[in-house]
Amino acid sequence: MLHVFQTEKTNDKHYTLLMNDLHQTARDLQDAYDNLGNATDPDLIDCYIYELNSVQMRYKFLLASIKSYENKFFPTKAKTEDSYTKNPLDVS
């Protein structure tokens with residue numbers, strides 16, 4: 001039955017778009033951290049801090065949108081922690 005549920009999700013274009021945006025934003029977040037780590041000029045540091053804040057806000061928005069979408073359109077989903085609910089940059 002889980003396989004049928006997964007197929008339903010993957011056929012949903014809106015859900016797939018949200019997930020793709022979330023994965024791209026996670027890559028952008030890693031790039032922003034890398035850029036900030038390599039910057040030496042004070043103006044570039046400020047620029048990368050603003051970029052980092054912006055990308056973090058986008059990541060949180062997309063994550064909330066996905067959770068809301070799942071609750072609305074996939075209410076039977078088990079309430080387990082999925083891999084995308086964790087910040088990909090958190091070190092455990």
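FYI, the numbering just counts along the sequence from 1.
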So salt bridge (Lys or Arg N to Asp or Glu O under 4.0 Å) across residues 38-65, not counting sequence neighbours, yields D21-R58
Mind checking whether I45 and Y33 sit in one hydrophobic cluster, side chains of I, L, V, M, F, W, Y counted as touching below 4.5 Å?
yes
Spatial distance of atom CD (Q30) from atom CG (D34) [nearest 0.5 Å]:
4.5 Å
Would you say the side-chain atoms of D12 and Y69 include a donor-acceptor pair closer than 3.5 Å?
yes
Under 4.5 Å between any side-chain heavy atoms of L29 and L52, yes or no?
yes
Any chance the side chains of R27 and Q24 put a donor and an acceptor closer than 3.5 Å?
yes
Taking S65 for its side chain and F61 for its backbone only, find out whether a donor-acceptor pair lies under 3.5 Å.
yes
What's the verdict on side-chain contact (heavy atoms from CB on, under 4.5 Å) for I66 and E70, showing C-alpha distance, side-chain angles and the deciding distance?
CA-CA 6 Å; I66 289 170; E70 285 178 347; 3.9 Å; yes
hydrophobic_cluster_shared for L18 and F73, side chain cutoff 4.5 Å
yes
Tell me, with the steps shown, if T40 and L44 meet side-chain contact (heavy atoms from CB on, under 4.5 Å).
CA-CA 7 Å; T40 56; L44 281 177; over 6 Å; no
Find the distance between NE2 (H23) and CG (D28) and round it off to the nearest 0.5 Å.
13.0 Å
Say whether V55 and I49 are linked into one hydrophobic cluster, either directly or through other cluster members, by side-chain heavy-atom distances under 4.5 angstrom.
yes
